[in-house]
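Please read all numbers here as calculations on a predicted model, not as lab measurements.
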Amino acid sequence: MTIKIFHMRISRSSNRLDMVIKVCFGFDETLMGLVILLAVADVLTDAASVLGGDTTLQILYMKLVEAVSSCRNEQSEWRPAEAALFCIRAISNYVSIVEANVMPQVMDLLSKLPHQPQLLQTVCLIVGAYSKWLDAAPSGFSKLPLVIDILMSGMRTSEDSAAAAALAFRHIYCRKKLCAYCKQLFHIYYTAVNGEGSFKGSAEDSLHLVEALSMVITELPPEPAKDALEELCSSVVTPLQEVINQGPEVLEKKHARELTVYIDRFAYIFRYVNHPGAVADAVHRLWPIFKAIFDLRAWDMRTMESLCRACKYAVRTSGRFMGITIGAMLEEIQGLYQQHHQPCFLYLSSEVIKIFGSDPSCASYLKNMIEALFKHTTCLLTSIKEFTRRPDIGDDCFLLASRCIRYCPQLFIPSSIFPALVDCAMIGITVQHREASNSILTFLSDIFDLAKSSKGEQFLSIRDSVIIPRGATITRILVAALTGALPSSRLETVASTAFVVAYALLALTRAYGMQALEWAKESVSLIPLAAVKEVERIRFLQALSDAASGADVNVLMIPVEELSDVCRRNRTVQEIVQGALKPLELNLVPVP
């Protein structure tokens with residue numbers, strides 16, 4: 001009988017579930033076997049939706065009891081028990097999280113199963129699937145010691161069972177209840193990462209465990225949390241300290257993975273331990289280690305991305321508790337960026353701007369940082385060729401610039417680097433890289449929308465002194481981007497570049513009214529009538545005029561995007577339009 005027939009008949013009789021379970025027997029992990037098991041899981045979820053999760057669980061539990069009775073050791077037939085557990089796991093989303101009759105008995109049976117590796121893997125997956133039940137059910141707390149023993153066994157038995165145990169550990173919701181078992185949880189962690197069992201867990205497994213432990217630490221009171229955080233950080237920093245102690249030559253020659261496997265754990269710790277003061281203290285203690293890695297591995301993109309990600313989460317969690325450490329961190333990345341041009345230094349700076357941008361006490365060193373970073377970036381990105389070669393730098397540079405407009409316009413807009421960065425943006429608008437192009441367009445839109453910000457309103461005269469002399473050129477580049485300078489493949493995403501370009505045009509028109517409309521008329525008039533009819537030009541310009549009058553931008557998107565579609569209708573038309581607008585030639589002569 002096929003899966004399809006089961007699907008049709010499942011609503012008629014719960015006895016059909018017996019047949020569904022039998023389908024699970026004997027399938028190995030070949031592709032065909034996995035496909036069939038996934039089909040079985042679909043049937044079971046349909047059964048649970050018809051019969052109810054608790055009723056379906058009751059039926060499957062009876063099959064599990066039968067299977068367990070013939071499964072007393074690792075040599076006996078364990079596959080029927082695994083099949084029943086697979087079925088129970090498949091319906092986990094349909095079982096009430098406070099179910100009190102069957103789930104306690106299922107949990108009790110799990111501990112009686114032999115530690116056959118494949119069976120134990122499925123047992124650990126069951127624990128993860130029913131983690132909400134462990135948190136919510138009245139009897140869930142009493143099952144935690146049993147669950148921890150199961151996960152410990154999973155960590156020691158095989159790589160697959162360890163992976164399942166680590167995943168289950170991460171999914172367990174009852175973090176407050178797990179605080180009472182902190183010592184056991186650390187034991188599980190050490191078993192995985194130090195190879196105290198018969199093998200060492202994978203890097204991904206260790207991150208699941210670090211995430212789970214960090215969330216448990218979050219639920220501890222401040223002092224115990226500080227001690228637990230120190231213990232967790234100590235277990236991670238020790239191998240890094242050993243490498244550093246061997247001297248600069250050893251650290252420089254290490255493969256990136258030998259470092260990032262530990263640095264990534266710090267990122268998870270700083271992200272998920274929500275004790276800002278304790279995390280700030282930990283970062284302060286760890287800074288000499290981080291600085292040594294920054295100094296000697298700044299050429300290594302992979303290591304720098306990992307370390308900057310850890311620092312980003314440290315800044316995000318600790319906020320203004322970071323104290324003097326943040327100054328040392330910014331001084332470090334500011335100097336290294338000028339030598340090694342790592343984009344991750346820019347996105348770390350973005351996080352710092354978000355947290356500290358409005359803090360007057362940080363104004364001096366933040367101003368120095370952004371001016372130094374932007375000055376160097378504008379020297380790197382002097383042509384569309386350079387944008388194409390390093391789009392990641394362009395992307396992170398203009399993400400940082402947008403953050404500056406939103407969080408510290410008082411430091412950024414009056415600075416000498418602001419006009420140069422606008423010129424740099426004009427060069428890069430048409431870069432054939434979606435993220436970089438969108439970041440540039442968003443930056444320009446933020447400039448045009450400055451009047452919307454209470455912080456930015458006072459800088460409108462400075463903005464206008466930069467934008468107005470460049471307005472006609474910016475408009476022409478935006479029209480070119482809309483009509484084909486950016487490829488059509490960029491326009492098929494939900495947050496399409498066409499939308500971002502159109503928004504930038506409409507925001508420019510809102511900001512500069514009839515003046516922007518004149519810029520647009522000049523640009524559109526360059527497009528030959530062979531490519532765009534007069535009525536299509538009129539509709540486009542009317543949309544911009546309505547934007548200048550304050551109409552809803554979302555309503556005006558349709559006529560603007562229509563112009564885009566018309567100019568892209570075939571390659572010949574697209575070449576005519578771009579040949580007329582010549583966007584790549586517009587930045588050859590500097591704006592006075």
Return yes if a side-chain donor-acceptor contact under 3.5 Å exists between [X] and [Y], otherwise no.
{"X": "Tyr512", "Y": "Asp464", "result": "yes"}
{"X": "Tyr503", "Y": "Asp449", "result": "yes"}
{"X": "Arg265", "Y": "Ser206", "result": "yes"}

Aromatic contact, Phe294 with Phe290 (centres under 6.0 Å):
no

Would you confirm whether the ring centroid of His376 sits within less than 6.0 angstrom of the ring centroid of His341?
yes

[X] (side chain) donor-acceptor with [Y] (main chain) under 3.5 angstrom:
{"X": "Thr260", "Y": "Ile263", "answer": "no"}
{"X": "Thr430", "Y": "Ala485", "answer": "no"}
{"X": "Ser545", "Y": "Leu541", "answer": "no"}
{"X": "Ser306", "Y": "Thr303", "answer": "no"}
{"X": "Glu536", "Y": "Glu562", "answer": "no"}
{"X": "Arg403", "Y": "Ser350", "answer": "yes"}
{"X": "His255", "Y": "Arg257", "answer": "yes"}
{"X": "Arg463", "Y": "Phe448", "answer": "yes"}
{"X": "Thr378", "Y": "Lys375", "answer": "yes"}
{"X": "Thr382", "Y": "Cys379", "answer": "no"}

Within-4.5 Å side-chain heavy-atom neighbours: [X] and [Y]:
{"X": "Phe540", "Y": "Thr483", "answer": "no"}
{"X": "Arg390", "Y": "Leu380", "answer": "no"}
{"X": "Gln542", "Y": "Pro559", "answer": "no"}
{"X": "Thr388", "Y": "Ile384", "answer": "yes"}
{"X": "Arg297", "Y": "Lys254", "answer": "yes"}
{"X": "Tyr407", "Y": "Ile355", "answer": "no"}
{"X": "Phe412", "Y": "Ile370", "answer": "yes"}
{"X": "Arg309", "Y": "Tyr347", "answer": "yes"}

Shortest non-hydrogen contact between [X] and [Y], atoms and distance:
{"X": "Leu381", "Y": "Glu386", "value": "CD2-O, 3.8 Å"}
{"X": "Met322", "Y": "Ala314", "value": "SD-O, 4.1 Å"}
{"X": "Phe356", "Y": "Leu366", "value": "O-CD1, 3.3 Å"}
{"X": "Phe387", "Y": "Gly394", "value": "CE2-CA, 4.2 Å"}
{"X": "Ser214", "Y": "Ile269", "value": "OG-CA, 3.5 Å"}
{"X": "Gly579", "Y": "Lys582", "value": "O-NZ, 2.6 Å"}

Are more than 12 heavy atoms, taken from residues, nucleotides or ligands other than [X], located less than 6.0 Å from that residue's [atom1] atom?
{"X": "Arg569", "atom1": "CZ", "answer": "yes"}
{"X": "Lys455", "atom1": "NZ", "answer": "yes"}
{"X": "Ile558", "atom1": "CD1", "answer": "no"}
{"X": "Phe321", "atom1": "CZ", "answer": "no"}
{"X": "Glu331", "atom1": "CD", "answer": "no"}

Drop me the distance from Ser439's OG to Asp396's CG, to the nearest 0.5 angstrom.
7.5 Å

Before you tell me yes or no, could you show the steps for Lys312 and Glu351 under salt bridge (charged side-chain N to carboxylate O under 4.0 Å, His left out), namely the whole-Å CA-CA distance, both residues' side-chain angles and the distance that decides it to 0.1 Å?
CA-CA 6 Å; Lys312 177 185 76 171; Glu351 195 65 34; 5.6 Å; no

So does Glu305 pair up with Arg302, basic N to acidic O under 4.0 Å?
no

